[in-house]
Amino acid sequence: MPSEIAARLIPWYAREQRDLPWRAPGFGAWGVLVSEFMLQQTPVNRVIPLLEAWLERWPTPTALAADAPAEAVRQWANLGYPRRALWLHRAAVEIRDRHDGVVPRDVDALLALTGIGDYTARAVATFAYGDRHPVVDTNTRRVIARAVHGRAQPGPPHRRDLDDMEALLPEGDDAAAIVNAAAMELGAVVCVARTPRCDVCPLLDICAWVSEGRPETPDLRRRQAKYEGSDRQARGAVLRALRESGSLPQQAVIGDWPDRLQRDRAILSLLDDGLIEAEDGALHLPR
DNA sequence: AAACCGTGGCC
DNA sequence: TGGCCAAGGTT
């Protein structure tokens, strides 16, 4: 018995879905996988141009695995969270070595790849291969928090989020994939975080939050740390310098950074992550 | 399991 | 202006 929510989402999605590259028929599991890496905590509009350049350069996992990690980190450009570039390269090597160069379909096999967690594994299995799994991202969690639980905002991510989504899925694989995508889409364009567009929401008259008068609920989400002046900002500056220069003497890397200790901390943590390497007193991207 | 990890746009 | 937010994952 399909949920009422699914029954509303399916026709709405057929009508309103955005035309995004990874939704094109035949986009392929590798394309979907790369898109999901890039979309982790990064807005759609910033991903699209970089995704297309990436897939043009590396049309298969094996092609990426044949290049040095440095190339992946450089191609990642300013997408942010550059560890994702390194992890995507590692995943490509793992796919080549453990799966004959074919992106796995099995959720547990996907979860075993570097940089892939609960969301990305199920997104690939569902959207690239059409299998039936609950796919839960931040948009879906917000839609469920409001429409099902009557809360203004979701709590911190939890494993029971998967059960909440499972309860909304129709039986058939294809319909289940559509409902997963539709819940994400609704959260992305209608049931947005700050000012939800309830006037155009297909769930308006069955939404628990709306029916309870849109109560304010305690916001249990953790606040994001300030970026200005942070170690992350220093790491970003170091990496940008090395992306642009290839290799630099260690003292020359952001040599004018105001906080000397912070600069050294950034370099050490980047070395520790494998995002940079040291050789003969110079730093460079990982070969 | 709480903290950490980039970057840019928006109001 | 500055805090919020963005298709998360790892340790």
Side-chain angles (χ1 to χ4, degrees), chain A residues 13 17-18 20-23 27 31-51 73 76-88 90-91 110-128 133-144 152-159 161-162 165 177 180-189 191-196 219-243 262 265-266 268-270 272-276:
Chain A
Y13 185 70
Q17 64 172 291
R18 291 167 296 173
L20 299 173
W22 43 90
R23 290 178 180 162
F27 195 69
V32 171
L33 178 59
V34 174
S35 76
E36 295 299 350
F37 264 86
M38 290 186 169
L39 287 163
Q40 290 168 6
Q41 296 286 281
T42 303
V44 164
N45 290 333
R46 293 183 51 203
V47 163
I48 290 174
L50 285 155
L51 173 65
V73 173
W76 199 257
N78 63 341
L79 256 191
Y81 290 139
R83 291 195 288 195
R84 292 181 294 164
L86 198 56
W87 291 342
L88 178 52
R90 286 181 192 162
L110 286 160
L111 284 169
L113 299 174
T114 302
I116 293 192
D118 280 333
Y119 165 75
T120 303
R122 288 171 178 79
V124 170
T126 299
F127 302 136
H133 304 280
V135 182
V136 177
D137 76 332
T138 187
N139 293 304
T140 295
R141 296 197 315 107
R142 189 171 49 248
V143 169
I144 289 174
Q153 301 289 347
H158 194 282
R159 285 204 70 80
D161 299 339
L162 291 175
M165 190 62 209
N180 277 308
M184 293 171 62
E185 186 77 350
L186 189 74
V189 303
C191 194
V192 295
R194 293 181 212 183
T195 52
D219 193 339
L220 305 174
R221 293 168 301 168
R222 211 170 35 74
R223 247 185 62 185
Q224 215 170 51
K226 193 162 93 175
Y227 182 63
E228 190 65 29
S230 68
D231 284 13
R232 297 159 75 173
Q233 185 182 35
R235 284 168 52 105
V238 169
L239 211 54
R240 169 165 31 256
L242 291 176
R243 244 190 273 123
Q262 183 176 61
R265 226 168 27 242
L268 282 177
S269 73
L270 287 166
D272 193 53
D273 285 347
L275 272 167
I276 64 175

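Here is how names work: the chains are called A, B, and so on, in the same order as the sequence lines, proteins then strands, and each is numbered from 1.
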Donor-acceptor pair, distance only, cut-off 3.5 Å: does the side chain of [X] make one with the backbone of [Y]?
{"X": "A/Arg23", "Y": "A/Arg18", "answer": "yes"}
{"X": "A/Arg243", "Y": "A/Ala77", "answer": "yes"}
{"X": "A/Asp137", "Y": "A/Asn139", "answer": "yes"}
{"X": "A/Asn180", "Y": "A/Thr126", "answer": "no"}

Would you measure the distance from the [atom1] atom in [N] across to the matching atom in [M] and give it in whole Å?
{"N": "B/dG8", "M": "C/dT1", "atom1": "C1'", "answer": "16 Å"}
{"N": "C/dT10", "M": "B/dA1", "atom1": "C1'", "answer": "12 Å"}
{"N": "B/dA3", "M": "C/dA7", "atom1": "C1'", "answer": "22 Å"}

Look at all strands and tell whether [X] reaches a base, only sugar-phosphate, or nothing, counting heavy atoms closer than 4.0 Å.
{"X": "A/Arg23", "value": "base"}
{"X": "A/Trp87", "value": "sugar-phosphate"}
{"X": "A/Ala123", "value": "nothing"}
{"X": "A/Ser35", "value": "nothing"}
{"X": "A/Asn45", "value": "nothing"}
{"X": "A/Arg142", "value": "sugar-phosphate"}

Pair A/Ser230-A/Arg235, side-chain donor/acceptor within less than 3.5 Å: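 No, A/Arg235 and A/Ser230 have no side-chain donor paired with an acceptor closer than 3.5 Å.
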
Report yes or no: do A/Ser269 and A/Asp272 form a side-chain donor-acceptor pair below 3.5 Å?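 No, no side-chain donor-acceptor contact under 3.5 Å.
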
I'd like the 5' and 3' limits of the part of DNA chain C contacted by chain A, with heavy-atom contacts below 4.0 Å.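 Listed 5' to 3', the contact boundaries are C/dG3 to C/dT10.
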
Per-nucleotide protein contact along nucleotides 2-9 of chain B, 5' to 3', at a 4.0 Å heavy-atom cut-off (B base, S sugar-phosphate only, - neither), is -BBBBBSB

Map A/Arg223 and A/Glu185 onto DNA chain C by nearest heavy atom, then report which one ends up closer to the 5' terminus.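 Result: A/Arg223.
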
Taking for each residue the nucleotide of DNA chain C bearing the nearest heavy atom, is the 5' side occupied by A/Asn139 or by A/Gly115?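 Looking at DNA chain C, the more 5' nearest nucleotide goes with A/Asn139.
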
What residues form a side-chain hydrogen bond (donor to acceptor under 3.5 Å, both in side chains) with A/Arg232, not counting sequence neighbours?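 Listed in chain order: A/Tyr81.
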
So does A/Arg122 pair up with A/Glu36, basic N to acidic O under 4.0 Å?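 A salt bridge is absent here (no side-chain N lies under 4.0 Å from a carboxylate O).
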
Would you call A/Phe27 and A/Leu20 a side-chain contact if the rule is heavy atoms closer than 4.5 Å?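 Counting from C-beta outward, A/Phe27 and A/Leu20 never come under 4.5 Å.
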
